[in-house]
Number of protein chains: 2
Amino acid sequence: MTTTRRGRRPGAPDTRAAILAAARELFAASGHAGTSVRAVAAAAGVDAALVHHYFGTKDDLFLAALAVRVDPRTAMIPVIEGGVEGAGERIMRVFLEVWDDEESRLPLLALFRGIVEPGGRQLLRDGFLRMVLGPVGQALGLDEPDRRMTLVASQLVGIVMLRYLLVVEPLASAPPDVLVATYAPVLQGYLDGPLP
Amino acid sequence: MTTTRRGRRPGAPDTRAAILAAARELFAASGHAGTSVRAVAAAAGVDAALVHHYFGTKDDLFLAALAVRVDPRTAMIPVIEGGVEGAGERIMRVFLEVWDDEESRLPLLALFRGIVEPGGRQLLRDGFLRMVLGPVGQALGLDEPDRRMTLVASQLVGIVMLRYLLVVEPLASAPPDVLVATYAPVLQGYLDGPLP
DNA sequence: GGCGTTTTTCATCATGTGATGAATTATGCG
DNA sequence: CGCATAATTCATCACATGATGAAAAACGCC
């Protein structure tokens, strides 16, 4: 887009969608704090004012980019329905399906990169982790559901960090089936094994 | 410090130390990107120009704040000396000692909050994780040391995230002995258990 | 006491950020 | 075809950031 005069562009360019797509990518890469409205606009090939026009404030844009494409609670239904037997493996499979699919991975990456700000930490802890852990632990009928689900989360979050955020090998490129076989027993132990 | 005229303050105030202490706290809370030089200066009760005077650029200040008080490789010596038997428990104990001590925890927190910037990610992955995992795995004489140590790291990093960065209960306030008893078997399995 | 050095603040710069409003262009309807 | 509306850029604002340099004050040595 070399010619840039004021006014509406000819045709039906879906600039709003372009902005949202750019925002999802950039927020996923650098989080809310590390992403500027101008960077999103540049990536979308528009002027920054257009971002405000369509989405309002930067925070509003961030929320739009976070819009959940796959509700984690919905994704967990197969886990819950099978009961606690074999739940470790089902959790691991669902977890990998969600994270290995870019549609759902981008907003999750953006969430995790929010740990530099108190608001972002609260969003991740209370707006996401609690929201998923609580209901699943209850639905599985676990004894000490909070404690057990937190142990499960401590392993899953570690995988998130190394495989998806930091890209540490050989974990980052490990085949999903190997990961399932590796971690399912651990998760199962956290779910129904002995607790000290 | 209500009176602020130009020039040297009377007495021997160790403003350099005050700046460094403030920097360590703020970088630990908000990372490099989320911390401004002016915020550090304000926390130390000085003018921002003094920060530059003593430490140079913001990056230089960050590196100074990261200065390792406890070399993680040194901390790992007791783990290594005992061989692979019981290494899971020893790793967990050393890990908690390091993280539950503010002196060593602050720079580590600052490191982890660097995931919003490519440079910060590289520092954490290559400048820290690789540095610790590689030698320990080799020294323990593990088969597939990289793979096994990465599995161990995936659990430890998850604990870091939930206990120290996000402060998720009941993990954040769990007594160290309970954590050791909970996680040591898992870490031991990653070290010398069967691998899929 | 004078002077050189160190410490410290003030003033300022270049640049970037989120955001607003006016001018311009394209579209679709009557 | 004219007009109202929507889309888009340009211009601008207030403020923040990392950083620099000069002015001023304190200290210690000769």
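Just so it is clear, the structure is predicted and the values come from calculations on it, not from any experiment. Below, read A as the first sequence line, B as the second, and so on, with proteins coming before strands; counting in each chain starts at 1.
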Q: For C/dT8, does either OP1 or OP2 sit under 4.0 Å from a side-chain N or O belonging to B/T15?
A: yes
Q: Could you tell me whether A/R148 and A/D192 make a salt bridge, using a distance below 4.0 angstrom between a side-chain N and a carboxylate O?
A: no
Q: Rounded to whole Å, how long is the line connecting atom CD1 of B/I19 with atom C1' of D/dA19?
A: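 Atom CD1 in B/I19 sits about 15 Å away from atom C1' in D/dA19.
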Q: Roughly, in whole Å, what's the span from CG in B/L50 to C1' in D/dG18?
A: 15 Å
Q: Where the side chain of B/P13 is defined as all heavy atoms beyond and including C-beta, which of D/dT9, C/dC10, C/dT8 is the nearest nucleotide?
A: C/dT8
Q: Is it true that A/E89 and A/R93 make a salt bridge, defined as a side-chain N closer than 4.0 Å to a carboxylate O?
A: yes
Q: Can you check salt bridge (Lys or Arg N to Asp or Glu O under 4.0 Å) on B/R163 and B/D100, steps first, answer last?
A: CA-CA 10 Å; B/R163 183 171 163 92; B/D100 285 339; 3.3 Å; yes
Q: What I want to find out is whether B/R24 reaches B/E103 closely enough, with some N-O distance under 4.0 Å, to be called a salt bridge.
A: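 Salt bridge present between B/R24 and B/E103.
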Q: Send over the distance from A/K58 NZ to C/dT20 P, rounded to a whole Å.
A: 15 Å
Q: Would you indicate, yes or no, if D/dT8 has its OP1 or OP2 atom less than 4.0 angstrom from a side-chain nitrogen or oxygen of A/Y54?
A: yes
Q: Figure out the CZ/P separation between A/F62 and C/dA19, and round it to whole Å.
A: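 In whole Å, C/dA19 P lies 14 Å from A/F62 CZ.
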Q: Respond yes when some side-chain nitrogen or oxygen of A/S36 is under 4.0 Å from OP1 or OP2 of C/dT17, and no when none is.
A: yes
Q: Quick one: does A/R38 reach the base of C/dG16 with a side-chain donor-acceptor pair under 3.5 Å?
A: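 No.
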Q: Pick the closest DNA chain D nucleotide for B/T35 and for B/G7 by heavy atoms, then say which residue is nearer the 5' end.
A: B/T35
Q: Give a yes/no answer on whether the side chain of A/R9 brings an N or O atom under 4.0 Å of OP1 or OP2 in D/dT9.
A: yes
Q: Which whole-number value in Å describes the distance from B/H53 NE2 to D/dG18 C1'?
A: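 Distance check: B/H53 NE2 to D/dG18 C1' gives 17 Å.
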Q: Counting heavy atoms from C-beta on, name the nucleotide in D/dA22, C/dA23, C/dG18 closest to the side chain of B/R6.
A: D/dA22
Q: Looking at A/R130 and A/D146, is any side-chain nitrogen of the basic one under 4.0 Å from a carboxylate oxygen of the acidic one?
A: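 No salt bridge links A/D146 with A/R130.
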Q: Of the listed nucleotides (D/dG21, C/dT25, C/dA19), which one gets closest to any side-chain atom of A/R5?
A: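 Out of D/dG21, C/dT25, C/dA19, the nucleotide with an atom closest to A/R5's side chain is C/dT25.
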Q: Send over the distance from B/H52 NE2 to C/dT12 P, rounded to a whole Å.
A: 18 Å
Q: Any side-chain N or O of A/R8 less than 4.0 Å from the OP1 or OP2 oxygen of D/dT5?
A: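 No.
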Q: Given atom CD of A/E117 and atom C1' of C/dG18, what is their separation to the nearest angstrom?
A: 14 Å
Q: Atom CG of B/L61 to atom C1' of D/dA19: distance rounded to whole Å?
A: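 Rounded to whole Å, this separation is 13 Å.
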